Amino acid sequence: MSKFVEVFGAEPDGVWRAPGRVNLIGEHTDYNDGLVLPIALPNQITITGSARTDGVVVVATAGQDGIISFDLDSLSPGSVGDWAAYPAGAAWVLREAQYEIGGANLLVESDLPSGAGLSSSAALLCATAVALLGLRDISVDPAEVARLAQRAENQYVGAPVGLMDQMASMCCTAGHALYFDIRAMSTDQIPFDPAADGLALLVVDVKAPHRHVDGEYAARRQSCEQAAAELGVPALRSIAFEDLDDALSRLSDDVVRRRVRHVVTEIRRVEEAVALMRAGRLRDVGPLFTASHASLRDDFEITVPELDVAVDTALAAGALGARMTGGGFGGCIIALVESSEAPAILTAIEKAFAENTFPTPTSLDATPSPGASRIS
Ligand code: GLA
């Protein structure tokens, strides 16, 4: 008997999925109207569902989280907490946007580690949204679903995140990185196939406990907004790379100055990375990864020792470039390496972690995968 039948006592109407992501470059620029370049991962959240007629959404997980249920008519921001805030937030935002979704039985399964900076929150929001819409045969543009999922995370869950993760989960395609210009709200699919060049993208979960991540994220965002206000621009994207020194000289606070320098130089690195990828010069993207990490460590100050040791070790063992990816304070690093050297570089990172008495890191398959879809 399937797990769904075991829990809900009847066959499902369909199955939907939404993936996690890693960002290649452009960290913490999305809420500054910047540029990002994520790929979707093979790891994903899967939701098996059936429609209900009583306006109640029942959500079960395959793990230990238990079953929760809520009435669609009585949802309001914060009314459901903990992990269930994400499915509840997705239902809430769809109702707010006047989509005629109804009650549902939903079974959530995942092979996407949570707390590893791989966007399991965005994936859960997006998977729930596509399942609730799909159960009523409502078709919505993927970028619009992404915007709604971000609104749910901002307003229902209360996390001031940007739009990168939701767009990656909805709009990535297999074999490509998603070049997303947040200001223009435009996307371009950039072919990304390291193996074709004899390369590999390593994704290593450093298993660092996420320390103060929510408060620090909000603080970084606030510094950026404060800087934009001081400089008289709507967002830091408005500061051209050529005008960076002038902008920095007009800011009074040294910490804010460094935050701005990260954002403006990081946006420039995304443009350079995309130009190199388009020119087929993937190896040359490596140094941009490494420069991005230095900027996140020294100017944006969101790395932790585990991330720095993993990056430094990968580089010392021969990686072409390496950087932390995601929100920071834990999570994963990515490293661009010659495929033949991948095993030795992973071994070097494991050895360095053992020497530092860090937890044992794990690596993930980084095959660029498609965004959210219906499976059956
Ligand atoms: C988190 C947020 C994203 C983005 C990244 C940093 O993943 O959810 O919106 O800001 O951090 O690039």
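The shown structure was predicted, so the numbers you read here are calculated from the model rather than taken from an experiment. What you see below is based on every heavy atom in this structure, not just the backbone, and it leaves out hydrogens, waters and symmetry mates. In each ligand, atom 1 is the first atom listed, and ligand 1 is the first ligand listed.
- Side chains of Gln44 and Ser110: a donor-acceptor N/O pair is absent below 3.5 angstrom, by distance only.
- Remark: of the listed residues Asp308, Thr303, Asp298, Asp308 is the sole one forming a side chain to side chain donor-acceptor pair (under 3.5 Å) with His293.
- The nearest heavy-atom contact from the protein to atom 9 (O) of ligand 1 is Asp30 OD2, 2.6 Å.
- Distances between N or O atoms of Asp165 and those of ligand 1 include at least one value under 3.5 Å.
- Scored by the side-chain contact (heavy atoms from CB on, under 4.5 Å) test, Ala85 finds Tyr156, Val157 as partners (sequence neighbours excluded).
- Scanning for side-chain hydrogen bond (donor to acceptor under 3.5 Å, both in side chains) contacts around Arg278 gives Asp188, with sequence neighbours left out.
- Each of the following atoms of ligand 1 lies closer than 4.0 Å to a heavy atom of His28: 6 (C), 12 (O).
- No more than 12 heavy-atom neighbours from other residues, nucleotides or ligands sit within 6.0 angstrom of CD on Glu100.
- The hydrophobic clustering, which links ILVMFWY residues whose side-chain heavy atoms are closer than 4.5 Å, places Ile182 and Tyr31 apart.
- Here is the list of ligand 1 atoms found below 4.0 Å of a heavy atom in Gly327: 11 (O).
- In terms of polar-atom proximity, defined here as any N/O pair under 3.5 Å, Asn23 makes no such contact with ligand 1.
- Contacts of Met167 with ligand 1, taken as heavy-atom pairs under 4.0 Å, are absent altogether.
- For the pairing with Gln226, the side-chain contact (heavy atoms from CB on, under 4.5 Å) check across Leu251, Val256, Val260, Leu231 returns one residue only, Val256.
- The distance criterion of under 3.5 Å between nitrogen or oxygen atoms is not met by Tyr31 with respect to ligand 1.
- Shown in contact with Tyr217 at under 4.0 Å from a heavy atom are these atoms of ligand 1, numbered in order with element: 1 (C), 2 (C), 3 (C), 4 (C), 9 (O), 10 (O), 11 (O).
- Looking from atom 5 (C) of ligand 1 to the surrounding protein, the closest heavy atom is Met164 CE, 3.7 Å.
- Annotation for ligand 1: atoms under 4.0 Å from non-hydrogen atoms of Arg21 are 7 (O).
- Taking each heavy atom of Ala152 and Leu125 in turn, the nearest pair found is CB-CD2, 3.8 Å.
- Geometrically, ligand 1 and Gly162 share a nitrogen or oxygen pair separated by less than 3.5 Å.
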